[in-house]
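Have a look at the structure below, then the notes.
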Amino acid sequence: MSRVIQVGMADLRVAKAPDKLMTAGLGSCIGICLYDPIAKIGGLAHIMLPSSIQARKTDNRAKFADTAILDLITEMTKIGANRNRLVAKIAGGAQMFTFPGVTDVMKIGDRNAEAVVETLKRERIPLLAQDTGGNYGRTIQFCTNSGNLYVRTIDHGERVL
């Protein structure tokens, strides 16, 4: 019997098969799924911002792409994942609202996606699939049995990555 483990905003969780990880409300946020396909261990982080470096408050490391990915790796290896086998899938990073004169600094979704891709590259974790961008929200569920990432949207259907 599998459980569905909810992951909140600025939160991260890990699970072993057959459990599933789920997060809702991905707008400009990114859902980062890491997976060890041999141990069938998965992790999901729901990050809100690209970097902890310029943040005033950094006590919640799951909030930032740069620190959440590192913590997710640590938590997954604690329950048996092999860091060298990890692969990634990501979803989210939308630009939910547009305003005249918006600068690149305000494009949080794009900046989040870039930061996640850069951090994964730096950590040498292959990015197998992504569903990012657009102007719509997403809800995702990650299956630790198969490594499939199910992406649900309003008015844009469902996808399996």
Side-chain angles (χ1 to χ4, degrees), residues 2-96 105 107-133 137-152 161:
S2 69
R3 297 178 303 149
V4 176
I5 300 168
Q6 301 284 330
V7 179
M9 189 179 289
D11 188 16
L12 63 85
R13 300 273 186 241
V14 296
K16 291 181 177 180
D19 292 341
K20 298 173 181 167
L21 297 157
M22 182 263 189
T23 193
L26 292 170
S28 61
C29 299
I30 303 260
I32 305 161
C33 300
L34 300 185
Y35 185 56
D36 177 339
I38 302 299
K40 295 196 180 291
I41 292 173
L44 172 59
H46 181 143
I47 64 109
M48 297 173 63
L49 295 169
S51 174
S52 62
I53 293 171
Q54 295 179 339
R56 283 185 229 146
K57 207 172 166 191
T58 59
D59 52 330
N60 182 357
R61 292 172 50 90
K63 190 175 184 179
F64 307 98
D66 59 339
T67 50
I69 291 171
L70 299 178
D71 289 357
L72 201 53
I73 294 167
T74 300
E75 293 304 313
M76 289 177 68
T77 55
K78 281 182 185 175
I79 63 169
N82 182 323
R83 188 197 190 298
N84 296 320
R85 293 191 301 242
L86 296 181
V87 293
K89 295 180 180 180
I90 64 173
Q95 181 70 33
M96 298 299 287
V105 173
K107 294 182 178 177
I108 301 297
D110 290 343
R111 291 177 51 222
N112 280 340
E114 289 171 19
V116 168
V117 170
E118 285 175 23
T119 303
L120 290 171
K121 190 179 286 186
R122 190 172 52 247
E123 296 302 317
R124 300 175 191 248
I125 297 173
L127 177 59
L128 301 183
Q130 70 181 82
D131 180 20
T132 57
R138 295 165 172 92
T139 293
I140 62 172
Q141 189 172 78
F142 187 64
C143 178
T144 57
N145 259 336
S146 64
N148 286 339
L149 176 60
Y150 299 89
V151 182
R152 244 186 10 222
L161 305 179

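Positions are given from 1, in the same order as the sequence printed here.
Exactly one of Asn60, Asp66, Thr58 qualifies for a side chain to side chain donor-acceptor pair (under 3.5 Å) with Ser52. That residue is Asp66. The only member of Ile32, Leu34, Leu72 that meets side chain to side chain contact (heavy atoms under 4.5 Å, CB included) when paired with Ile125 is Leu34.
Applying the side-chain hydrogen bond (donor to acceptor under 3.5 Å, both in side chains) criterion to Asn148, with sequence neighbours excluded, gives Ser146, Tyr150. Qualifying side-chain hydrogen bond (donor to acceptor under 3.5 Å, both in side chains) partners for Asp110, counting only residues two or more places apart in sequence or in other chains: none. Judged as a side chain to side chain contact (heavy atoms under 4.5 Å, CB included), and not counting sequence neighbours, the contacts of Ala65 are Ile47, Ala115, Val116. Annotation: side-chain hydrogen bond (donor to acceptor under 3.5 Å, both in side chains) contacts of Glu123 (sequence neighbours excluded): Arg83. Take Lys78 and apply the salt bridge (charged side-chain N to carboxylate O under 4.0 Å, His left out) test, not counting sequence neighbours, and it matches Glu75. A search for side-chain hydrogen bond (donor to acceptor under 3.5 Å, both in side chains) contacts involving Thr132 returns Gln130, not counting sequence neighbours.
Note that the CD1 atom of Ile5 and the CD atom of Gln141 stand 11.0 Å from one another [nearest 0.5 Å]. Separating the OG1 atom in Thr119 from the CD atom in Glu114 is a distance of 11.5 Å, to the nearest 0.5 Å. To the nearest 0.5 angstrom, Leu12 atom CG is 10.5 Å from Ile69 atom CD1. Annotation: the span from Leu128 atom CG to Leu149 atom CG amounts to 11.0 Å, rounded to 0.5 Å. Interatomic distance, CD1 of Ile108 versus CG of Leu49, reported as 6.0 Å (0.5 Å rounding). Summarising the geometry, atom CG belonging to Asn112 is positioned 5.5 Å from atom CD1 belonging to Ile30; distances are rounded to the nearest 0.5 Å.
Among residue pairs with one or both ends in residues 48-96, none qualify as ring-ring contact (aromatic ring centres under 6.0 Å, His included); sequence neighbours excluded. Applying the side-chain hydrogen bond (donor to acceptor under 3.5 Å, both in side chains) test to every pair with at least one member in residues 31-44, sequence neighbours left out, gives these pairs: Asp36-Arg85. Residue pairs satisfying the salt bridge (Lys or Arg N to Asp or Glu O under 4.0 Å) criterion with at least one member in residues 51-63, sequence neighbours excluded, are listed as follows: Arg61-Asp71. Residue pairs that meet the side-chain hydrogen bond (donor to acceptor under 3.5 Å, both in side chains) test with at least one member in residues 16-32, sequence neighbours left out, are Arg3-Asp19, Thr23-His46.
Nearest heavy-atom pair across Thr144 and Gly42 is CG2-N, 3.8 Å. Between Gly31 and Ile140, the shortest heavy-atom contact is CA-CD1, 3.9 Å. Between Ile41 and Gly80 the shortest heavy-atom distance is CD1-C, 3.5 Å.
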Side-chain donor/acceptor pairs under 3.5 Å, residues 86-93, sequence neighbours excluded:
| residue | atom | partner | partner atom | Å |
| --- | --- | --- | --- | --- |
| Lys89 | NZ | Gly147 | O | 2.9 |
| Lys89 | NZ | Leu161 | O | 2.8 |

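Between the side chain of Asp131 and the main chain of Val151, no donor-acceptor pair closer than 3.5 Å is present.
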